[in-house]
Amino acid sequence: MELENDPLLRVIRESWGYTELRPLQREAMEAALRRRDSLVVLPTGGGKSLCYQAPALLADGVTVVVSPLISLMKDQVDRLIGRGVPTAFLNSSLEWEDRRRVSGDLARGRYKLIFVAPERFTGERFLASLDSVGVAAFAIDEAHCISHWGHDFRVDYRRLDQLKKRFPDTPVHAFTATATPRVRQDVITHLELKDPVVLVGDFFRPNLSYRVERRTDAFDDVQGEIRGRSGQAGLVYCIRRADVDDLAAQLKRSGIRVAAYHAGMSDEERTRVQDQFTAAEVDVVVATVAFGMGIDRADIRFVIHAAMPKSLEHYQQETGRAGRDGKPADCVLFYSGADYGLWRTLLTQHEPADVDHKMRMLSEIYAFCTGARCRHRSLVEYFGQAWRRVSCGACDVCKGQRAALTDGARLARAIVDGIMRTGQRFGPAYVADVLSGQVTDRVTERGHRDLAAFGALAEHPKGALIAWMSQLVDQGVLVRDGEYGVLKLTMSGWKVARGEAQATLREVDRGRSTKKSRRRKELGVPAKVEEDVPGGPGSVLFEELRALRRSIADEEGVPAFMVFSDKTLRLMARAKPSTRSELLDIHGVGPTKVERYGARFLKLIQMRGEGD
Ligand code: ADP
Ligand code: ZN
């Protein structure tokens, strides 16, 4: 690297000790030095901070960095001071006296960089103080927060539309790790960037390997992944705080050095966890989304999602924290239909703003989970980049970990047929209701109980049917149309319907039914013994009925016992009812449940009952 006569590179070498630049860092810094507005999109860990920090040292005046992450400001400032850069931060965490001191030093031109929270721009005072200081540039970190279309909209960020009005000649540099083309445009519009240099990094992270599986049991699944990785650093993400606490406690009991982290904990506790993780005193942090922005640990070897996140942006950002040292790391996502239901409830009840948009993002990640399309490709394309490889070689789909089903062609044709017969007017959940023979009000009202397609695939859980529909979309047999994702046939869909072409379907669960028992055996845990036996635990049919109950519970987002109790299932396994009225005779089975679940349980009993 030609360092001696390039002042920028000299500064970087002397203050940071870096001998090379990462992709697009040079372009981003050159834009800054030429005082051009810019939008820089680099994946997490791509080195965005250097892009505004190094040019700040060479500029006249102070560079104002806007960041939403108050908790990280102090850290960043300390590090810069350690590199000999005069820096400070201004936010609500400062005592009045410190704030006055920093404001005074800022006015006296003592700083090269000042970190501020976006709400500083609410009042006139701060803006007025900047007038007199001489601002070299504004750097907006996490710039996607300005956009409604992003995954993390913050009202405070909207104040930043004042910047260009107030400081028309001061360059503004926007940085983000996650921005779809639409969010990008929104950032440019709201910040009123003038003819900006737009730099978008490569989102393909070949050292990350992706795998997506349907969840059997959060603890079993997660612990199964972590076992054999002792001493490795990892993150486990859950949806809710209570899940974090539960899972962390269970993992701790099984001997893993683990800590919990979520927004319900005090600032001190959270800082402690962050410090312990950085210092490698704990290996695994179980967290909600609150954890991770700015984690400075490059050797994270695995990121496990114990449940589905609410958007692909979140997923990309959270998995992006793995393997920042460039060495291989694994990203495993366990999902279930229940996650979709839970998010829908949380979003509609607690985050009603833009709920339609959020639901669309939720559907997108659900399609990602249930589909069988290269994971890397899906993520890269979601972020608006072209995919030019045949296979990534680093995801469950490309590695062929999902076996093709032997009767896939028949199933595919039955699904396509169901969509055709219901008039191509419904989304996957409804089509699955019809195919699996659910007697819901909607199905009855529309007369779809009379179709040949009704119950044609009753032996398969609804979740699997939905997953296969995603796979057919991925293969171009079906398309999702409009806001509600109505499924329609493509040209090749019609060929499948006429039997002129065949589609392939892949299994949805890798060896799912046996996984738990196998693990129990490995761990030397005996299967739970229950007394009043015939048809009890150990009976194949009983276990299958439980598995069916579990998928139904997952799909509906309700606890398993709400479907049927263990006792009822045991009675069912013993009595092997073959009609609805025989089913009704069983203790714990009422008319509503017969209507809702009867078809699937009867079908299973009929199929399996004979040999048991
Ligand atoms: P981002 O904000 O894009 O997620 P950071 O700016 O926090 O990324 O940088 C991630 C890590 O990479 C930091 O530890 C940083 O010190 C390091 N880093 C950034 N640029 C370089 C470089 N050119 N050479 C070596 N390390 C770098
Ligand atoms: Zn792949």
Side-chain angles (χ1 to χ4, degrees), residues 1 3 8-9 11-29 39-56 65 67-69 72-73 75-80 82-83 85 113 115 139-144 173-179 199-212 278 292-300 316-326 330-331 333 368 371-382 387-402 474 506:
M1 195 152 93
L3 293 185
L8 178 69
L9 297 180
V11 156
I12 291 173
R13 199 194 46 184
E14 285 170 2
S15 299
W16 277 268
Y18 302 157
T19 52
E20 272 172 44
L21 292 180
R22 299 213 173 132
L24 298 184
Q25 281 185 326
R26 176 189 293 274
E27 290 82 349
M29 291 190 283
L39 169 61
V40 179
V41 185
L42 284 179
T44 307
K48 289 181 283 299
S49 357
L50 189 70
C51 299
Y52 57 80
Q53 292 176 356
V65 184
S67 164
L69 306 169
L72 298 179
M73 280 185 194
D75 230 39
Q76 283 172 305
V77 168
D78 287 347
R79 245 181 271 163
L80 281 166
R83 300 195 157 110
V85 183
L113 284 140
F115 288 75
I140 318 297
D141 210 356
E142 313 288 345
H144 59 272
H173 309 301
F175 296 89
T176 178
T178 78
L199 300 166
V200 182
D202 191 350
F203 278 82
F204 180 48
R205 301 269 312 272
N207 63 316
L208 301 189
S209 104
Y210 283 97
R211 176 154 50 88
V212 181
T278 309
M293 292 231 212
I295 293 176
D296 204 12
R297 191 160 172 184
D299 64 341
I300 295 177
Q316 189 268 343
Q317 192 156 70
E318 285 152 20
T319 54
R321 294 183 180 122
R324 278 160 62 168
D325 53 9
D330 292 316
C331 308
L333 165 50
F368 169 87
R373 189 156 178 274
C374 172
R375 312 294 177 189
H376 278 286
R377 176 179 187 164
S378 303
L379 287 168
V380 162
E381 289 184 346
Y382 186 75
W387 176 260
R388 296 195 183 80
R389 296 165 186 84
V390 177
S391 147
C392 75
C395 81
D396 53 346
V397 178
C398 293
K399 288 198 283 195
Q401 288 174 343
R402 274 151 199 276
D474 294 341
R506 300 189 170 275

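Residues: numbered from 1 along the sequence shown. Whatever order the structure lists ligands and atoms in, that order sets their numbers, starting from 1.
- With a 4.0 Å heavy-atom cut-off, ligand 1 is reached by the side chain of R324 but not by its N, CA, C or O.
- The pair D396-R375 meets the salt-bridge criterion, since a charged nitrogen lies less than 4.0 angstrom from a carboxylate oxygen.
- The option from R22, R297, K48 that lies nearest to atom 19 (C) of ligand 1, judged by heavy atoms, is R22.
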Handout entry: Audit row: V40, Y52, side-chain contact (heavy atoms from CB on, under 4.5 Å) steps and yes/no
Key = CA-CA 10 Å; V40 179; Y52 57 80; over 6 Å; no
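- Close approach of ligand 1 to L21 is summarised as follows: ligand atoms under 4.0 Å from at least one heavy atom of the residue are 23 (N).
- Close contacts of ligand 1 with S49, meaning ligand atoms under 4.0 Å from a residue heavy atom, involve 2 (O), 5 (P), 6 (O), 7 (O).
- In this structure, L8 CG and M29 CE are separated by 5.0 Å, a value rounded to the nearest 0.5 Å.
- Between the SG atom of C374 and the SG atom of C395, the angle centred on the Zn ion (ligand 2) amounts to 120° when rounded to 10°.
- Between the SG atom of C392 and the NE2 atom of H376 there is a distance of 4.5 Å, given to the nearest 0.5 Å.
- By the 4.5 Å heavy-atom criterion applied to side chains, Q316 and P43 are counted as neighbours.
- We find the CG-CZ distance between L333 and R211 to be 10.5 Å, quoted to the nearest 0.5 Å.
- Annotation: side chain of F204 is in contact with side chain of R389 (closest heavy-atom distance under 4.5 Å).
- Look at C392 and the Zn ion (ligand 2): an N/O/S atom of the residue is under 2.8 Å from the metal.
- Nearest residue to atom 24 (N) of ligand 1 from W16, Y18, F175 is Y18 (criterion: closest heavy atom).
- For the pair L50 and ligand 1, the shortest N or O to N or O distance does not fall below 3.5 Å.
- Ligand 1 places these atoms under 4.0 Å from at least one heavy atom of E20: 22 (C), 23 (N), 24 (N).
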